[in-house]
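For reference, the structure discussed in these notes is given below.
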Number of protein chains: 2
Amino acid sequence: MIRNKTTEYALTILGFMATRNEDMYSAEYLHKQLNIPRRYLRRLLTDLSKHGFLKSTSGRNGGFVFAKDLEEINLDLVISTLERYDAINTCILGFSCCIVDKPCIMHDIWMEARSKMVEILSNTTLADLKEKYQMDLIKKL
Amino acid sequence: MIRNKTTEYALTILGFMATRNEDMYSAEYLHKQLNIPRRYLRRLLTDLSKHGFLKSTSGRNGGFVFAKDLEEINLDLVISTLERYDAINTCILGFSCCIVDKPCIMHDIWMEARSKMVEILSNTTLADLKEKYQMDLIKKL
DNA sequence: ATATATTACTACCTTTTTGTAGTATTTATA
DNA sequence: TATAAATACTACAAAAAGGTAGTAATATAT
Ligand code: FES
Ligand code: FES
């Protein structure tokens, strides 16, 4: 699942950006909004650019925007890009080779729970988040 | 969820012990069976004793046995005892105060998936693992 | 042109997690 | 009683993750 803070930060950032309507997001602005440590945030942002999620422009008035359509970015993609280990496809009892090799006694029921997660994660795109956010805003009026 | 290798090791160990019928499990034996680094395993075993899952006897022929009934140990208990951070009750978008404070847009659907996991984890005791294991053995005959 | 506001790069520091080493203690058995 | 096979304790080492610092590069605005 989500093992690292970095992944969490990434989801925070992308989720935030997806639900607002700014033309451009500078690291400094995101830092103030999201309270993620400045320099670490910067690094993560260039990382997200290298991974093709964002597009950066240097210089004054520079910042970050999405490099692709929001429909193309689902949460599972973000997570699996940033997480070093695949915690989802890991045996819950800690035995190696879940799925491929012989399954452990928890395998079936655990798979059921996990596939529900994966389903949600891979079916939720940033565009969905945006839509949901705007709907929620309207409801509150 | 399961963030640390240590937690994974713990589940491996307890799951293994629960499904076999030895009178006593020495660190050396478990090391050979489970391939967990010797010294680290030892430490984890005394840790599991301190947490009340196991009971140790020193000296020759010593080793570890369960300190309570298998019915009393569910997987969620093991995980929450060993994990430093509560990864289950964490906002998936990385915002703070999931549950207590105002929920994010993913909250409801994410909760649904998580509660399924927690349900499975907390409803599965080591006794269940043992039963399942033995049933599986019979099926294979 | 110069100052300013931005990202990019590289190296380092700190904390947490994982793993190792040495020595002491306990206890059964020969 | 000596030996061997265990756990217990404490400190250290290595690796990974999280976070910081300095400086270079880029582009806009004045
Ligand atoms: S093998 Fe254990 S969960 Fe799949
Ligand atoms: S507040 Fe985000 S998942 Fe609960």
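The sequence lines fix the lettering, A, B, ..., with proteins before strands; numbering per chain opens at 1.
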Pairs of donor and acceptor atoms involving the side chains of residues 15-22 of chain B, under 3.5 Å and at least two apart or interchain, shall be tabulated with distances.
residue : atom : partner  : partner atom : Å
B:Thr19 : OG1  : B:Gly15  : O            : 3.1
B:Thr19 : OG1  : B:Phe16  : O            : 3.0
B:Arg20 : NH1  : B:Tyr133 : OH           : 3.4
B:Asn21 : OD1  : B:Lys130 : NZ           : 3.1

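- Clustering of Ile, Leu, Val, Met, Phe, Trp and Tyr side chains at separations under 4.5 Å places B:Met24 together with B:Val65.
- The two residues B:Gly52 and B:Ala67 have their closest heavy-atom pair at O-CB, 3.5 Å.
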Quiz item: Once each nucleotide of nucleotides 15-24 of chain C is scored for protein heavy atoms under 4.0 Å, what B/S/- sequence comes out, 5' to 3'?
Solution: --SBBBBB--
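- When every heavy atom of A:Asn4 is checked against every heavy atom of B:Arg3, the shortest pair comes out as C-NH2, 3.9 Å.
- With hydrogens and angles disregarded, no donor-acceptor distance shorter than 3.5 Å links the side chain of A:Asn123 to the backbone of A:Ile120.
- A donor-acceptor pair is defined here as one N or O able to donate and one able to accept, closer than 3.5 Å; such a pair exists between the side chain of B:Asn74 and the backbone of B:Asp76.
- Residues from residues 54-64 of chain A that place a heavy atom under 4.0 Å from any atom of DNA chain C, listed by number: A:Ser56, A:Thr57, A:Ser58, A:Gly59, A:Arg60, A:Gly62, A:Gly63, A:Phe64.
- Counting only Watson-Crick or G-U wobble pairs whose defining distances are both under 3.5 Å, the stems of 3 or more consecutive pairs in DNA chain D are C:1-30 with D:1-30.
- In this structure B:Ser115 satisfies the side chain to side chain contact (heavy atoms under 4.5 Å, CB included) test with no other residue, sequence neighbours excluded.
- No side-chain heavy atom of A:His107 sits under 4.5 Å from any side-chain heavy atom of A:Ile92.
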Show every donor-acceptor pair shorter than 3.5 Å between a side-chain atom in residues 29-39 of chain B and any protein atom, with sequence neighbours excluded, or say none if there are none.
residue : atom : partner : partner atom : Å
B:His31 : ND1  : B:Ile36 : O            : 2.7
B:Arg38 : NE   : B:Glu28 : OE1          : 3.0
B:Arg38 : NE   : B:Glu28 : OE2          : 3.2
B:Arg38 : NH2  : B:Glu28 : OE2          : 3.0

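- Near DNA chain C, defined here as any heavy-atom distance below 4.0 Å, the residues from residues 15-32 of chain A are A:Ser26, A:Ala27, listed numerically.
- Reading DNA chain D from its 5' end, the first and the last nucleotide to sit under 4.0 Å from a heavy atom of chain B are D:dA4 to D:dA11.
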Between side-chain atoms of residues 7-14 of chain B and protein atoms elsewhere (two or more places apart, or another chain), which donor-acceptor pairs fall under 3.5 Å?
residue : atom : partner : partner atom : Å
B:Thr7  : OG1  : B:Glu83 : OE2          : 2.5
B:Thr12 : OG1  : A:Leu93 : O            : 2.6
B:Thr12 : OG1  : B:Glu8  : O            : 2.7

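- Through direct or relayed side-chain contacts under 4.5 Å between Ile, Leu, Val, Met, Phe, Trp and Tyr, A:Met135 connects to no other residue.
- Evaluation of the side-chain hydrogen bond (donor to acceptor under 3.5 Å, both in side chains) test over residues 42-70 of chain A, restricted to residues two or more places apart or in two chains, returns none.
- Side chain of A:Arg114 to backbone of B:Met117: no donor-acceptor contact under 3.5 angstrom is found.
- Here the closest non-hydrogen pair linking A:Glu71 and A:Thr125 is O-CG2, 3.3 Å.
- Checked by atom type and distance alone, the side chain of A:Ser80 pairs as donor or acceptor with a backbone atom of A:Leu77 at under 3.5 Å.
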